[in-house]
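Scroll down for the structure; my scribbles are underneath it.
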Amino acid sequence: LIAAGATSVGIVASKDSRIDRDSGSPPMEPFHGPHQGGIASDQQAYALFLACDLVASGKKHLRELLDLWSAVAAEITAGNPPPEPAGLAPGFSADTDVGAGLDPARLTVTFGLGPGVFGDGSGLDSQRPKHLRPIPEFFSDTLNPAWCDGDVLVQICADDAQVVSHAFRALRARMPGLARMRWTQYGFLSRPAAGGTPRNLFGHKDGTVNPRQGTSDFDRSVWVESVDEPAWFHGGSYLVFRKIRMKTADWDQLPLAEQDRIIGRRRTDGAPLGGVDEFDAVDLQARSPDGELVIPANAHIRLVKGFSMLRRSYNYDYGTLIADAGGAPDPVPAPSHFHAPGTPAHTHGGHSRLDTGLLFAAYMNDPPAQFIAAQRALATDPLNGLIQHTGSAIFAIPPGCARGEPVAKALTE
Ligand code: HEM
């Protein structure tokens, strides 16, 4: 049986009885459709972001990779084993059985193309998405080049960490000769038992004000439809990715009321300061009896008010792994810091070894007006003293593909 759409690269499916479960009924997310999965899909519990560089530029090469990867993604998101590459010697298999017997756990595999794909000599320059330019440097950046940029992105999300790991192995196995790995980042996100907004690692609910799928705000903020954009990109989006380290040890030393003023919302229940419930309207004009703004002038939510984008971020916690492996997660050593009253006497040094924070992943259709403008507006954010942006990348996320076709077919044919 020849896997649909994969004949040009000689992939053969590994099974005679393929399961056709592209209907999207739980726990599956459809791979095919007008938009790629993993954007409007409800956020899964685990994510892996993989960025790689192409070993050669040009349409043909990119097409080969996307043919292989789309065929794999179409199968594994439906709970099937990945198709075997053609020409494997007898007794060898590209599958690992790591995902055998597991349900697909709403697996989504989302592909993105970085600015380098459209560079000189690629033959694709005229097809470059209008805003696909490297993110400018911001004054507060402390970027580690090891965690920046990339030609092709894969965002893998599922409700089962082993399903994510299996998907990564299946995709990585198709990379030799086509692409080399640049960086990977693993994240997690747990929903409260009773449902509702998940919390970030500072303990605040994160995602309260986010465009909701199926609303015109979502469509206006996320999907690319502009006539200024190349036709192949319509129905796509941009992903801005930032690895943001959060200095949890410092944050934990702050009194709760100060944490709430920094964000502009209560950590306990997510309500805006001055409000009662999480989804209450935010009153930016309200003043206390002594004339102070209830939501401080530089509160995070005030500074970014009105910048609509789909924040689909994940928490990460690498503990001291990276520091102990010899890399410094903290390019700028932690300054002397405040201690909560009653903190036992101690020697310092532990703070800068922790690498934990937010894999900020935001989908949008106009990065200069959305992420870049918002990040500039955050220049006076008191959060800046408690976080560090250490990784950065931007990708054009092609629209979805039809059954039997690869992602970005219209760009690469
Ligand atoms: C580690 C860094 C960050 C933390 C801890 C953080 C935390 C939060 C929290 C707790 C909220 C309120 C709840 C919500 O509406 O989701 C929020 C809102 C928001 N954040 Fe952040 N944020 C971070 C970085 C960023 C960055 C880099 C941007 C964009 C440049 C951004 C843009 C937004 C926007 C647009 C909102 C909604 C504001 C509104 O309209 O009310 N955040 N953030």
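Start at 1 and go down the list; that is how both ligands and their atoms are numbered.
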**OP:** Determine whether more than 12 heavy atoms belonging to other residues, nucleotides or ligands lie under 6.0 Å from atom CZ of Arg199.
**Re:** yes

Subject >> Close residues, ligand 1: non-hydrogen atom nearer than 4.0 Å >> reply: Asn200, His204, Lys205, Asp206, Gly207, Thr208, Val209, Ile244, Met246, Ile263, Arg265, His300, Ile301, Val304, Lys305, Phe307, Arg311, Leu358, Phe360, Phe371, Ala374, Gln375, Leu378, Leu383, Ile387, His389

Original post:
Please, which pairs that meet ring pair (Phe, Tyr, Trp, His ring centres under 6.0 Å) have at least one residue in residues 40-63, sequence neighbours excluded?
Top reply: Phe49-Phe241

Original post:
Who are the side chain to side chain contact (heavy atoms under 4.5 Å, CB included) partners of Thr208, not counting sequence neighbours?
Top reply: Thr197, Lys205, Arg265, Glu278, Phe279

Original post:
Do the side chains of Leu239 and Arg312 get nearer than 4.5 Å, heavy atoms only?
Top reply: no

Original post:
Can you name the residues that form a side chain to side chain donor-acceptor pair (under 3.5 Å) with Tyr316, not counting sequence neighbours?
Top reply: Asp355

**OP:** Step through it carefully: locate the ring centre of Tyr363, locate the ring centre of Phe218, and say whether they are under 6.0 Å apart.
**Re:** no

